[in-house]
Number of protein chains: 2
Amino acid sequence: MSKRLPKYMILKNELLSWIESGKLSPGSQVPSENEIAEQFSLSRQTVRQAFSELEKQGLLERVQGKGTFVRHAAVREEAAQPRTIGIVTTYISDYIFPHIVRGAEAELRSRGYRLLLASTDNDKEKEMECLRLMLSEPLSGLIIEPTKSAEGNPNLSFYLSMQSKNLPFLMINESYRELEVPCLKVDDERGGLTAARYLIKQGHRRIVGFFKTDDLQGVNRLKGFMHAHREAGIPLDPEHVVTYTTSQKDKLPVKKLRELLASTDRPTALFAYNDALAVPLLNTAREMGVSVPGELSIVGFDDSALALAAGVPLTTLTHPKEEMGREAARRLIAMIEQEERSSDDTEELLYLPELVERSSVVQLT
Amino acid sequence: MSKRLPKYMILKNELLSWIESGKLSPGSQVPSENEIAEQFSLSRQTVRQAFSELEKQGLLERVQGKGTFVRHAAVREEAAQPRTIGIVTTYISDYIFPHIVRGAEAELRSRGYRLLLASTDNDKEKEMECLRLMLSEPLSGLIIEPTKSAEGNPNLSFYLSMQSKNLPFLMINESYRELEVPCLKVDDERGGLTAARYLIKQGHRRIVGFFKTDDLQGVNRLKGFMHAHREAGIPLDPEHVVTYTTSQKDKLPVKKLRELLASTDRPTALFAYNDALAVPLLNTAREMGVSVPGELSIVGFDDSALALAAGVPLTTLTHPKEEMGREAARRLIAMIEQEERSSDDTEELLYLPELVERSSVVQLT
DNA sequence: TTTACAAAGTCGTACGTACAAGAAAATCTT
DNA sequence: AAGATTTTCTTGTACGTACGACTTTGTAAA
């Protein structure tokens, strides 16, 4: 038996249960130190020790000459938790990331949480800086979009210290493999598969794919893209898989497309890593006098605002965006408020990307 | 003389001065309770009381069996200052707002501040909620984009309480007229003027303008638009000024454009409140078989990513976006760090929008 | 009835003792 | 010399007393 608990701790726990059970309602007066001492057969000093710790925690209020009182819940809450949640994303301003942040913000605000925002600009050093800044104040939880998830995790120590401090956090879009944390992401491999299957079904055989490979999302989309070719028995020209990273000049994929379109047996279809890439590729094709979708079909990814704004409304794959942000917030709040880490803690939620048919793909006869 | 200070308080102050003066350096061991007791002719209990309060404050660390130690400065500092700045915007995810936030975030991070984000969704009730949440924790400053600035300010009391608390804040894009606060904004009237002048110079005479009128930006752009017509002596058909608010269905301006394009003497040019509106209008025109810019020239506003992604690259007016966010952060930090409110405190910074010529405007012969 | 004062209750301060628990140094044993 | 044990130091827990400061309440005087 661990009956080694000090008496003042036992008393503290007893008083806590009184408060919790409502035996002592907020604002009511607690029996005097002497009464408690007699009741529990303790010395008044010991009772004082228990009281003073509870007062330090903000649960009791002692007034000289009057007595000791239970603080009102509202007052307690205030001093208790900051109820602030941090989000670390790669980019704040670009593309679909604002939508994710917005979804999370809306959910958090409605639940009375505040949102601390930081972005890494896809730079691992800045990621470290962000984490340090975030953790310098007590946080209730963190939502993180990993930076360059395909290139390892030099900030592992931060994540480990978060786990050891029992600070709830979860990841979106991708997660570092070394960590077992809940993660919300799009089924990227399935997305690449769906897109390629669709183009193949439309009769396309020479399909070029553009993939960003410094994060796992691009790698997984590429996997699905290749898988679709394999299962259809279509040989995949190595020239038709274009990979790039953000550190290189952004012009690279565009230049590559120029070469491909200028060649003799040019591709009839194109799958872009995301809409942000699909649009400039589309414009490049049109500049070269290649009509879209007449001579070149295009499928994008993420169903961003750009897909609709483009000259030819883009056929693309959905990304949950706001919903993902909202769900991330919901799950994090659940983790915070139930406190007890349940077994499904490291659960991964995979969103299935769906094809949105617009006007940028044509069926080959 | 108020020599009525309790002994343990006197001891506390003495120890504090020891720490401050360096007599007790961080990490060093404090004389044991018994030593102190003897030195000061106090009982050990009294010494313990002083120690335990200092421990509670985070200045000392007591280890059973080893002794009492002065905590390192770094550990103490942590609990010191929040250095957090809040931003309240109308929208997080849409359009140019993410760019503003990003600019501010980059600047703040590099200066060691954290960013608390909230959005109002252009709803004044949510604005109040945001302000309440923001102010529930000590903030160093606030950047606010007013919600529906043309429709009064029901949350005035919040702003007044901020001013009375000497909490620095500034506004971007627009400011509530009743408040005298620094404000960074685009010279919207000048923008409307520039756009209309440009179209007139290109030979257009029947120009339709679309303006969002629930915030002052739209109203001011409209002013400039009308001013250009007046100065050029061109009568402005009332039908050619279309106003709308976000609360109405977004379809309204599109429907209006349909009517105008179907009429006999349809406009030859169009000025849109911003690019986000210009793009759907452009697409609407093209759907109706009206070529852009051949039959209809279009000028947008804000030089957003949409302007380049559109089927026809949009001629538009610049908006500082990131730079505005960065500058807002810089100014706010200056206000915080110098503390003294200088005379140029309520200064307004006006950015001059510049015309970016792309392909959506044609010169009439 | 109102006012002034006293009494009794509360928590705050201050001293005392004793022993327990943990850590480190000194000592003893091997 | 190395390891085990004891001693001695530290802080932690627990009890006790006494008195001060403050508030409320009851009582007595005006």
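Just so it is clear: chains get the letters A, B, ... in the order the sequence lines come, proteins before strands, and each one is counted from 1.
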Rounded to whole Å, how long is the line connecting atom CD of A:E55 with atom P of C:dG12?
7 Å
Send over the distance from A:K7 NZ to C:dA21 P, rounded to a whole Å.
13 Å
Spacing of A:F40 atom CZ relative to D:dC15 atom P, expressed in whole Å:
13 Å
Rounded to whole angstroms, how far apart are CD on B:E33 and P on C:dT17?
16 Å
A:F51 near the nucleic acid: base, sugar-phosphate alone, or nothing, with a heavy-atom cut-off under 4.0 Å?
nothing
If you take all heavy atoms of B:P31 and B:I36, which pair is closest and at what distance?
O-CG1, 3.7 Å
Does a side-chain N or O from A:T46 land closer than 4.0 Å to OP1 or OP2 of D:dA14, or not?
no
When you check the phosphate oxygens OP1 and OP2 of D:dG12, does a side-chain N or O of B:R62 lie under 4.0 Å from one of them?
yes
Tell me the interatomic distance from A:I10, atom CD1, to D:dC15, atom P, rounded to whole angstroms.
10 Å
Separation of D:dG12 atom P from B:N34 atom CG, nearest Å, is 12 Å
Any A:Q49 side-chain nitrogen or oxygen under 4.0 Å from OP1 or OP2 of D:dT13
yes
Determine whether A:L16 and A:L59 satisfy the following criterion, side chain to side chain contact (heavy atoms under 4.5 Å, CB included), listing intermediate values before the conclusion.
CA-CA 9 Å; A:L16 276 171; A:L59 284 149; 3.6 Å; yes
Strictly by modelled atom types, are A:T68 and A:R62 linked by a side-chain donor-acceptor pair under 3.5 Å?
no
Checking only heavy atoms, does the side chain of A:Q45 share a donor-acceptor pair with the base of D:dT17 at less than 3.5 Å?
yes
A:F69 CZ to D:dC22 C1': how many Å, rounded?
13 Å
Select from B:E35 and A:V63 the residue whose nearest nucleotide in DNA chain D is closer to the 5' end of that strand.
B:E35
What nucleotide, of D:dT24, C:dT13, C:dA21, holds the atom closest to the side chain of A:K66?
D:dT24
The single option from B:L142, B:L116, B:I333 that satisfies side-chain contact (heavy atoms from CB on, under 4.5 Å) with B:I85 is B:I333
Spacing between A:L11 atom CG and D:dT13 atom P, to the nearest angstrom:
14 Å
Tell me whether the OP1 or OP2 atom of D:dG16 has a side-chain N or O from A:R44 closer than 4.0 Å.
no
What one should report as the nearest heavy-atom pair of A:C130 and A:T120 is SG-CG2, 4.3 Å
C:dC11 phosphate, OP1 or OP2: any side-chain N/O from A:T68 under 4.0 angstrom?
yes
Select one nucleotide: of C:dT13, D:dG12, C:dC15, the one nearest the side-chain heavy atoms of B:S43.
C:dC15
